[in-house]
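Okay, so here's the structure we're looking at.
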Amino acid sequence: MPFFGLSQENVGRFKKTLGDFTSLNYWVVRDYNRLVDSVNALEREIHRLSDEQLTAKTSEFKKRLSQGGTLSDIQAEAFAVVREAARRKLGMRHFDVQIIGGAVLHDGSIAEMKTGEGKTLVSTLAAYLNALTGDGVHVVTVNDYLAQRDAEWMGRVHRFLGLSVGLIQVLFYTEVEF
């Protein structure tokens, strides 16, 4: 018999919801969603910038970091800048879930994505943000063809924003006797 309108089914829902709030995953996802909201809130402002103003954001970010700012302080704005640069140079706009993927990579975790979900585009976010420190960033791709393709393709975003892009390839030659 229900007590104060709570049936067994509703009590089960409450427990599940309470369990969700107490899980670490809930809080992590909530923080990533806050970042997405911040990036989206900046989109119109960043879109209105000229190419020169957008490119100048890199120097502005580096200056803010040199004055004691942190990557966390500039993350949302830097991601919004990369999103806009990708839209202008590649005709591609990062989806919200790709913004989360970039944040996951920046946090040093692994973002599992299927073929066609935009792993290469996601990498531009974390690579740009971390390159602002001046320490250098390495994006590793084990396939030489994809490494060259991605350095040229995504490199358009990084070069537009004032960063340099390099490519290291090792060609293996193996003698085979028959």
Note to self: With salt bridge (charged side-chain N to carboxylate O under 4.0 Å, His left out) as the rule and sequence neighbours excluded, what pairs involving residues 91-100 come up?
What the structure shows: Glu43-Arg93, Arg83-Asp96

Margin query: Can you pull out every salt bridge (charged side-chain N to carboxylate O under 4.0 Å, His left out) where at least one residue sits in residues 153-170? Sequence neighbours excluded, please.
Written below: none

Item checked: Residue pairs involving residues 109-133 (criterion salt bridge (charged side-chain N to carboxylate O under 4.0 Å, His left out); sequence neighbours excluded) -> none

Margin query: Glu77: which residues meet the side chain to side chain donor-acceptor pair (under 3.5 Å) condition with it, sequence neighbours left out?
Written below: Lys57, Arg64

Margin query: Could you list the cluster mates of Ile110? Members are the ILVMFWY residues connected by side-chain heavy atoms closer than 4.5 Å, either directly or through other members.
Written below: none

Margin query: For Ser72, give me all partners under side chain to side chain donor-acceptor pair (under 3.5 Å), at least two apart in sequence or on another chain.
Written below: none

Next item on the list: List for me each residue that meets side chain to side chain donor-acceptor pair (under 3.5 Å) alongside Arg149, sequence neighbours excluded, and say none if there are none.
Entry: none

Next item on the list: Apply side chain to side chain donor-acceptor pair (under 3.5 Å) to Arg88 and list each qualifying residue two or more places apart in sequence or on a separate chain.
Entry: Asp51, Glu84

Check: Sequence neighbours excluded, which residues qualify as side chain to side chain contact (heavy atoms under 4.5 Å, CB included) partners of Ser123?
Finding: none

Note to self: Who clusters with Val122? Use side-chain heavy atoms, under 4.5 angstrom, across I, L, V, M, F, W and Y, and order the result by chain and number.
What the structure shows: Leu105, Met113

Item checked: side chain to side chain contact (heavy atoms under 4.5 Å, CB included) partners for Ser50, two or more places apart -> Glu52, Gln53

Distance-only donor-acceptor hits, side chain of residues 30-39, under 3.5 Å, sequence neighbours excluded:
residue, atom, partner, partner atom, Å
Tyr32, OH, Asp107, OD2, 2.6
Asn33, ND2, Val29, O, 3.3
Ser38, OG, Arg34, O, 3.1

